[in-house]
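For clarity, every value in this text was computed on a predicted model and none was experimentally measured.
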Amino acid sequence: MNATTTADFGAELLAVPKAVPELRRAVREWFGEDAYGRVGGDVQLCVTELVGNVVRHVGEGTPVSVRVGCVDGARIRVAVGDPDPRALPVLLSATGADESGRGLALLGALAVRWGVEVEAGGKTVWCELEGAGVPRAMERRREQERLGELVAWMEEKGGPVTEEEMAAAEAEWREVGRIFAERERERDVRGRA
């Protein structure tokens, strides 16, 4: 896949039924209760479905990795990896009487696209959701976390940071971001010429 994905949320766990609600809660807390509206709920639903599929089709207790990130600054990617490259997801046509078989159809209805990446050591089932404004909000959250790390380091080395120093650091951070964005635009223009 040629998309650039920035992982923001990650978890390693065993795929057991009791882990699913805990994982959903962790994703909800990471997104913030209402910060992303419908998209946050859709992400939780996709995580739930993908991990639930591992429990049902690969086996309870299977180690999985869960990643939620921003793709190319425009979409949210949910990816669940497991060690079994043979148990591939199959889209079924469930009828009204069927008790299961609707998960991938639900995933397909929520996602812009979904797929499977198979490697020797396992597979990753992923889906991408549109998220109007969410990728930028996620980037802003990363920026705030980086700034918080810088402040913690500065306070460790030189004592408490004042409000004025914090405001100056934020202004400098925005200016550096503006400069890099401008350089990137110039490279894009030169690349198209």
Side-chain angles (χ1 to χ4, degrees), residues 1-13 19-48 50-51 64-81 110-115 117 124-193:
M1 178 178 239
N2 293 332
T4 302
T5 304
T6 305
D8 289 307
F9 173 85
E12 307 291 327
L13 59 133
V20 174
E22 294 171 10
L23 181 61
R24 199 171 40 241
R25 181 182 43 75
V27 169
R28 182 174 53 250
E29 288 174 359
W30 178 80
F31 262 97
E33 289 295 326
D34 296 317
Y36 302 102
R38 177 194 58 78
V39 176
D42 290 352
V43 168
Q44 291 174 60
L45 188 56
C46 291
V47 166
T48 298
L50 292 175
V51 173
V64 295
S65 64
V66 178
R67 301 284 177 265
V68 178
C70 186
V71 179
D72 291 339
R75 296 176 309 280
I76 305 299
R77 184 174 201 217
V78 177
V80 175
L110 293 174
V112 174
R113 62 190 193 137
W114 69 274
E117 296 170 359
T124 300
V125 182
W126 56 269
C127 66
E128 293 176 1
L129 304 164
E130 281 298 333
V134 174
R136 179 62 195 123
M138 291 171 71
E139 180 62 30
R140 179 70 179 143
R141 182 179 182 146
R142 277 195 298 276
E143 291 171 359
Q144 290 171 337
E145 288 171 358
R146 286 188 214 127
L147 187 57
E149 291 170 5
L150 177 61
V151 168
W153 177 81
M154 290 170 62
E155 287 181 334
E156 179 183 307
K157 299 296 180 192
V161 175
T162 67
E163 291 292 324
E164 294 81 26
E165 291 168 327
M166 182 62 117
E170 286 177 341
E172 188 171 341
W173 185 267
R174 283 191 299 273
E175 179 62 15
V176 168
R178 187 193 63 73
I179 290 168
F180 278 104
E182 188 175 300
R183 287 180 185 168
E184 192 171 297
R185 279 191 299 277
E186 288 173 3
R187 274 184 289 228
D188 287 347
V189 168
R190 282 194 305 264
R192 284 184 248 149

**Message:** Heavy-atom count check: over 12 atoms from other residues, nucleotides or ligands less than 6.0 Å from Glu12 CD?
**Reply:** yes
**Complete:** Cys46 and Leu110 have their tightest heavy-atom pair at SG-CD1, 4.1 Å
**Request:** Compare every heavy atom of Leu129 with every heavy atom of Ala111, then report the nearest pair and how far apart it is.
**Result:** CA-CD2, 3.7 Å
**Request:** Rounded to the nearest 0.5 Å, what's the gap from CZ on Arg113 to CZ on Arg77? Could you check?
**Result:** 7.5 Å
**Complete:** Rounded to the nearest 0.5 angstrom, the CD-CD distance for Glu165 and Glu163 is 10.0 Å
**Prompt:** So which of Val20, Val66, Val80 actually passes side-chain contact (heavy atoms from CB on, under 4.5 Å) with Val47?
**Reply:** Val66
**Request:** Taking only Lys NZ, Arg NE, NH1 and NH2, and the carboxylate oxygens of Asp or Glu, determine whether Arg25 and Glu22 approach each other closer than 4.0 Å.
**Result:** no
**Asked** Charged N to carboxylate O below 4.0 Å: is that the case for Glu117 and Arg67?
**Response** no
**Full working for side chain to side chain contact (heavy atoms under 4.5 Å, CB included) between Phe9 and Leu23** = CA-CA 11 Å; Phe9 173 85; Leu23 181 61; 4.1 Å; yes
